[in-house]
Amino acid sequence: MEFFCAERVSPHITQIINVPQAYCYLVEGEEKAALIDAGDGLGNLGDFVRTLTDKPVFVILTHGHVDHIGGAVFFGEVYLNEKDWALARKHDTPELKHEYAGEFLPPETFRSLSEGDFSPTRTGGYLPLEDGQVFDLGGITLEALALPGHTQGMTCILAREERSVFFGDGCSPSVYLWLEDSSTVEEYRESLLRFKTQEDRYDTVYLSHGPRTVAKRVLDDVLELCDGLMHGVSDAQPIALLGEEPRIAKRTDRHFRRLDGGVGNIVYDPERIWKNGGAGEQKPVSHTAP
């Protein structure tokens, strides 16, 4: 079974698709290359990346979930925000890699996998990734931009010269805020307002799931939904995920596309709207960054 395919999307960026549905991005400068995220742990990502570049490669993980860290074991130099180190250790296990593959692969494909198809657990730890940290690849500069919400260590990566940003799962057509390691809607909204000050530095938004790119307005759409949820306004469509049934703010079709034509969306827990707990209600909402 082929676990990876790749497509050059700009002179310096290659998208890598790791089945069943996780994207990584290889960004190459003149001297070195950075792999943004490391897939879900199916197949040998290290061997595949070596077919794409002969430059030294290090890894930047946007956050600590299994579908982004699974192949990190194949690389020596791996950066991750310290707030997600414990989460990464929890997710980098054979059990979670099997669970993820079983959730998203067709049953017959999942049954055909062997233990050797899954990457081993990383034991080397991680290097700290800080907000504002800069990586010089030689003619291409990457900058880490914190966007806590989906996880506490969630970090987006700006490719300055490309005027592109890799959102990971930080902001998307279906931001997951219902997980136990996610922020409340109120906290996430504060993160979005801070991130919005970087908006004039990028034109292209790359995602980790679903469409490869999405319109910049996704950030404004998601901010608007945060405001609505904090005022008790939502379609509250139930959605079955990982054995649970959170709600999605705007009604979608089966492909997670909003029926009203909007771009961004939020999957949330109705009891985790405000910092101090509780569902959305009428409270003042400030439109300035905290």
Side-chain angles (χ1 to χ4, degrees), residues 4-18 22-39 45-46 48-63 68 71-72 75-81 126-148 150 153-173 191-220 222 263-264 289:
F4 307 100
C5 62
E7 181 180 352
R8 178 81 68 167
V9 297
S10 88
H12 299 283
I13 300 172
T14 299
Q15 180 195 34
I16 300 171
I17 302 174
N18 186 188
Y23 306 156
C24 318
Y25 294 91
L26 183 67
V27 185
E28 295 180 79
E30 296 172 1
E31 300 170 5
K32 61 181 74 172
L35 181 66
I36 299 174
D37 282 336
L45 181 60
F48 184 77
V49 168
R50 281 186 281 274
T51 69
L52 302 176
T53 183
D54 58 3
K55 298 181 176 69
V57 179
F58 65 94
V59 176
I60 306 173
L61 300 174
T62 60
H63 63 293
H68 296 256
F75 303 88
E77 186 179 349
V78 181
Y79 294 85
L80 174 67
N81 186 277
Y126 304 97
L127 296 168
L129 179 65
E130 305 291 342
D131 186 28
Q133 191 167 344
V134 172
F135 301 88
D136 183 359
L137 307 182
I140 295 292
T141 310
L142 302 181
E143 182 179 344
L145 300 175
L147 183 55
H150 178 62
M154 180 72 231
T155 303
C156 303
I157 307 300
L158 176 72
R160 290 177 179 173
E161 293 81 3
E162 291 273 312
R163 290 192 56 83
S164 299
V165 67
F166 302 89
F167 266 178
D169 292 348
C171 186
S172 72
S191 293
L192 289 172
L193 285 172
R194 287 190 292 268
F195 196 91
K196 191 169 170 59
T197 64
Q198 306 292 331
E199 206 172 27
D200 64 347
R201 303 179 67 194
Y202 62 87
D203 302 312
T204 304
V205 174
Y206 290 104
L207 300 178
S208 294
H209 306 283
R212 177 167 61 214
T213 61
V214 70
K216 283 180 65 171
R217 61 174 278 203
V218 65
L219 193 144
D220 287 325
V222 173
V263 178

Could you grab the distance from atom CD of Glu7 to atom CD1 of Ile17, nearest 0.5 Å is fine? 7.5 Å
CZ on Phe75 to CZ on Phe58, rounded to 0.5 Å: 12.0 Å
Step by step, work out the side chain to side chain contact (heavy atoms under 4.5 Å, CB included) result for Leu158 and Arg201. CA-CA 8 Å; Leu158 176 72; Arg201 303 179 67 194; 3.4 Å; yes
Is any NZ, NE, NH1 or NH2 atom of the basic residue among Glu30 and Lys55 found under 4.0 Å from an Asp or Glu carboxylate oxygen of the other? no
Can you tell if the side chain of Tyr23 reaches within under 4.5 Å of the side chain of Asp37, non-hydrogen atoms only? no
In terms of the angle between their ring planes, are His63 and His68 parallel, tilted or perpendicular, with boundaries placed at 30° and 60°? tilted
So, the side chain of Glu161 versus the backbone of Thr141: is there a donor-acceptor pair under 3.5 Å, distance only? yes
Dump the intermediate steps for side chain to side chain contact (heavy atoms under 4.5 Å, CB included) on Thr204 and Arg163, then the final yes or no. CA-CA 7 Å; Thr204 304; Arg163 290 192 56 83; over 6 Å; no
Test item: Phe166 and Tyr202 side chains (from C-beta on) under 4.5 Å apart, heavy atoms: no
Supply the atom-to-atom distance Asn18 CG to Cys24 SG, rounded to the nearest 0.5 angstrom. 6.0 Å
With side chains defined as the heavy atoms from C-beta onward, is the minimum distance between Asn81 and Pro128 less than 4.5 Å? no
Around atom NZ of Lys32, are there more than 12 heavy atoms from other residues, nucleotides or ligands closer than 6.0 Å? no
Atom of Glu143, atom of Val134 and distance for their closest heavy-atom approach: CG-CG2, 4.3 Å
Spell out, as yes or no, whether a donor-acceptor pair under 3.5 Å connects the side chain of His12 to the backbone of Glu28. yes
Taking the side chain as everything from C-beta on, heavy atoms only, tell me whether Phe195 gets closer than 4.5 Å to Leu145. yes
Backbone N or O of Gly138 within a donor-acceptor pair of the Asp136 side chain at under 3.5 Å? yes
Side chain to side chain contact (heavy atoms under 4.5 Å, CB included) evaluation trace for Val214 with Val205: CA-CA 6 Å; Val214 70; Val205 174; 3.6 Å; yes
Would you say Leu80 and Val78 make side-chain contact, with heavy atoms under 4.5 Å? no
Can you tell me if Ser172 uses its side chain to pair, donor with acceptor, with the backbone of Gly170 under 3.5 Å? no
Restricting to non-hydrogen atoms, name the atom on Leu207 and the atom on Pro173 that form the minimum distance, rounded to 0.1 Å. CD1-CD, 3.6 Å
Hey, could you give me the NZ/SG distance between Lys196 and Cys171, rounded to the nearest 0.5 Å? 10.5 Å
Are any non-hydrogen side-chain atoms of Met154 and Thr62 less than 4.5 angstrom apart? yes
Which heavy atom in Ala38 sits nearest to a heavy atom in Leu45, and how many Å separate them? O-CD2, 3.3 Å
Determine whether a donor-acceptor pair (N or O, by modelled atom type, separation under 3.5 Å) exists between the side chain of Arg194 and the backbone of Ala146. no
Gap separating the OG atom of Ser208 from the OH atom of Tyr25, nearest 0.5 angstrom: 6.5 Å
Residue pair Ala22 / Gly39: nearest heavy atoms and the distance that separates them: CB-CA, 4.4 Å
Would Glu199 and Lys216 pass as an ion pair if we require N to O under 4.0 Å? no
Kindly indicate whether the side chain of Leu26, heavy atoms from C-beta on, has any atom under 4.5 Å from the side chain of Val49. yes
How long is the gap from CG on Leu35 to CZ on Phe48, to the nearest 0.5 Å? 10.5 Å
On a heavy-atom basis, the closest approach of Asp200 and Thr197 is OD1-O, 4.0 Å
I'd like to check Leu137 versus Leu142 (side-chain heavy atoms, cut-off strictly below 4.5 Å). Are they in contact? yes
Taking all non-hydrogen atoms of both residues, which atom of Leu61 and which atom of Ala72 are closest, and how far apart? CD1-CB, 4.4 Å
So among Ile157, Val9, Ile36, Val165, which one has a side chain to side chain contact (heavy atoms under 4.5 Å, CB included) with Tyr206? Val9
Answer yes or no: is there a donor N or O on one side and an acceptor on the other, between the side chain of Arg50 and the main chain of Thr53, under 3.5 Å? no
